[in-house]
Amino acid sequence: MSNSVHNEDLLVRYIDGELSATEKAAVEVRLKNDAVFREQYQNLQVALQAIRQLGTRQQVETIHHEMMQELKGKKAPAKVVRLSRAVRYTMAVAASILVLFVGVRLYLATQQSPDRIYNETFVDFNVANARSSANQLSQIETLYQNKDFRGVAATTRAVSLSAKDSLLIGLSYLHTEDWQAAARWFHTVSVTENEYRQDAEFYLALAYLKTKEFAKAQTLFQRIYNNPAHIYHEQVSADLLADVKKLESH
Amino acid sequence: MMVLRKEMFTDAEIIRNLANDQESSATIRQLYRENFDLLSRYVQNNSGSEQDAEDIFQEVMVAFIQLLKAGRFRGESSIRTFLFSLNKNIWLNELKRRGRASKREEKYEKNMNREVQTADIAMELQQTRSELLNTLEALGENCKKILLLFYYENKSMKEMVGELPYENEQVVRNKKSKCLKKLAELVKGNPLLYDQLKNFVHE
């Protein structure tokens with residue numbers, strides 16, 4: 001027992017780099033040849049690993065709080081956004097009910113209508129969640145958040161647009177039902193490497209439903225469906241794909 | 001087109017920094033700025049709340065750094081792809097834990113596994129998390145602090161005396177040695193935790 005304690009002390013000093021060159025060499029020889037000694041060393045290494053993991057965890061925790069403030073500070077009117085989102089969903093529900101009551105006959109006739117697919121698949125883009133890297137909302141982001149879609153479209157001549165701005169311009173055209181223009185903007189964002197590329201692909205596919213370019217819509221939806229890492233993967237079901245395919249063959 | 005970012009670390013630099021504890025805080029901040037948006041949207045698009053997204057991202061960061069330190073990720077894929085996959089698997093495990101993973105998500109997880117192998121890692125880390133924290137709790141506050149100062153923050157004995165309620169370096173040295181041996185004993189008593197920690201020891 002006292003031998004084991006002595007060994008442990010020796011190993012702690014070895015780990016801390018406190019041994020002389022001769023002592024260090026002797027420990028290394030023993031580590032090669034003495035299984036019990038080696039196991040004691042491994043136990044200490046595992047204990048150190050526990051401490052290091054705790055250290056990493058605490059370091060990340062501190063930075064996490066700091067970064068949440070930095071990143072969430074950007075979406076200042078968070079409450080307003082949440083409210084407007086609630087309103088939007090309520091409106092969506094109300095609209096769906098309206099569609100249900102008014103359009104039963106119409107629905108039967110147009111079961112595979114692109115409008116129906118569009119309405120069922122569309123999820124609005126949440127500006128607040130998609131934090132930009134700038135410290136403040138860009139002019140376009142602010143306009144979009146305030147639902148001033150025409151205002152956004154009017155800003156398109158601005159000189160330097162970020163990928164996110166371009167995406168929001170496309171989305172504004174969707175909201176104002178200028179499908180061709182929307183498709184052009186989404187296409188631009190979708191063909192370059194940027195953070196909003198996947199958003200652009202999804203909305204471009206939706207815009208193509210409206211411009212009746214079903215083959216193109218089908219290709220994009222298929223790509224999203226095939227890629228489990230796509231952030232809109234969950235929005236594209238096999239049913240949706242089948243419906244779009246039917247449109248294409250009509 | 002994209003917003004200009006100055007003096008960013010490349011993937012290789014991020015790996016080097018975090019594996020060797022150089023500029024680690026600045027590097028972690030950059031990972032937050034570059035990936036939080038995308039990863040948190042994934043969680044929120046898949047039945048997670050805003051808070052879930054934040055918590056999961058924090059776990060992703062811890063897991064990523066531990067894997068780098070253990071030499072278990074060396075840039076086989078891009079960091080972004082790897083983090084995305086970790087985020088997904090950690091979130092799916094959490095959904096499973098809550099008993100809310102749907103058939104579709106499980107099928108989806110299977111697809112995912114063909115891309116980057118992070119499902120096992122995510123499971124492993126989540127299983128050890130509470131075991132680790134409980135074990136360190138049993139070690140006591142003073143011991144935890146001494147070991148963290150010396151082995152994580154690399155403080156000298158002299159600096160430690162200033163931060164601890166002990167008179168001199170020799171007392172701190174003895175205490176540190178005792179604490180490490182006590183921790184080794186505690187970890188050894190938990191075979192599951194022991195094996196999982198062993199996998200993260202960098203040989």
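The shown structure was predicted, so the numbers you read here are calculated from the model rather than taken from an experiment. By convention in this document, chain letters (A, B, ...) are assigned in the order of the sequence lines, proteins followed by strands, and residues within each chain are numbered from 1.
Going from atom CG of D21(B) over to atom CZ of R52(A) covers 9.0 Å, rounded to the nearest 0.5 Å. Once rounded to the nearest 0.5 Å, the distance linking NZ of K188(B) with CD of E39(A) reads 5.5 Å. Rounding to the nearest 0.5 angstrom, the gap separating the OG atom in S25(B) from the CE atom in M67(A) is 11.5 Å.
Proximity to chain A is limited to the side chain of E59(B), based on heavy atoms less than 4.5 angstrom apart. Heavy atoms of E61(A) lying under 4.5 Å from chain B belong to its backbone as well as its side chain. Heavy-atom distances place no part of L11(A) under 4.5 Å from chain B, backbone and side chain included. For K182(B), no part lies under 4.5 angstrom from a heavy atom of chain A. Only the side chain of L133(B) has a heavy atom closer than 4.5 Å to any heavy atom of chain A. The part of L132(B) that comes within reach of chain A is its side chain, from C-beta onward, which places non-hydrogen atoms under 4.5 angstrom from that chain. Contact of L136(B) with chain A is made through the side chain alone, with heavy-atom distances under 4.5 Å. Residue contact with chain A, scored on non-hydrogen atoms closer than 4.5 Å, involves the backbone and the side chain of S24(B) alike. Using a 4.5 Å cut-off between heavy atoms, Q59(A) contacts chain B through its side chain alone, with no backbone atom that close.
By number of non-hydrogen pairs under 4.5 angstrom with chain A, the leading residue of L186(B), L197(B), T128(B) is L197(B). Between chain B and the residues L44(A), I15(A), L54(A), the most heavy-atom pairs under 4.5 angstrom are made by L54(A). Taking chain B as the reference chain and counting heavy-atom pairs below 4.5 Å, the highest number among V12(A), T62(A), T56(A) is found for T56(A). Residue with the most contacts toward chain A among M61(B), R129(B), R80(B): R129(B) (heavy-atom pairs, distance under 4.5 Å). Listed options V46(A), V123(A), L48(A) were ranked by heavy-atom pairs under 4.5 angstrom with chain B; first place goes to V46(A).
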- Task: Starting from the C-alpha separation in whole Å, work towards a yes-or-no answer on side chain to side chain contact (heavy atoms under 4.5 Å, CB included) for Y196(A) and L38(B).
- Result: CA-CA 9 Å; Y196(A) 296 94; L38(B) 181 74; over 6 Å; no
- Item | From CA spacing to verdict: side chain to side chain contact (heavy atoms under 4.5 Å, CB included), K176(B), D16(A) | CA-CA 11 Å; K176(B) 176 192 75 67; D16(A) 293 352; 2.4 Å; yes
- With side chain to side chain contact (heavy atoms under 4.5 Å, CB included) as the test, would you mind laying out the steps for Q49(A) and Y151(B) before giving the verdict? CA-CA 10 Å; Q49(A) 181 58 28; Y151(B) 291 109; over 6 Å; no
- Message: side chain to side chain contact (heavy atoms under 4.5 Å, CB included), that's the test. Do E50(B) and K72(A) meet it? Break it down for me.
- Response: CA-CA 11 Å; E50(B) 194 178 333; K72(A) 292 203 302 189; 3.8 Å; yes
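In this structure, the side chain of N45(B) does not engage the main chain of E234(A) through any donor-acceptor pair within 3.5 Å. Remark: the backbone N or O of P228(A) is paired with a side-chain donor or acceptor of K88(B) at under 3.5 angstrom.
Taking the centre of each ring, Y32(B) and H64(A) come in below the 6.0 Å mark.
Across Q45(A) and V201(B), no two heavy atoms sit closer than the pair O-CG2, 4.1 Å. Heavy-atom minimum distance, D199(A) versus R41(B): OD1-NH1, 2.7 Å. Contact detail for A47(A) and L183(B): the closest heavy-atom pair is O-CD2, 3.3 Å.
In this structure, K144(B) places its NZ atom where more than 12 heavy-atom neighbours from other residues, nucleotides or ligands lie under 6.0 Å away.
Taking the charged nitrogens against the carboxylate oxygens, R29(B) and E70(A) have no contact shorter than 4.0 Å, which rules out a salt bridge. Contact check on E8(A) versus K178(B) returns no salt bridge, with no Lys/Arg side-chain nitrogen under 4.0 Å from an Asp/Glu carboxylate oxygen.
For the residue pair Q58(A) and Y152(B), no side-chain donor N or O sits within less than 3.5 Å of a side-chain acceptor on the partner.
Between V187(B) and N43(A), every side-chain heavy-atom pair lies at or beyond the 4.5 Å cut-off.
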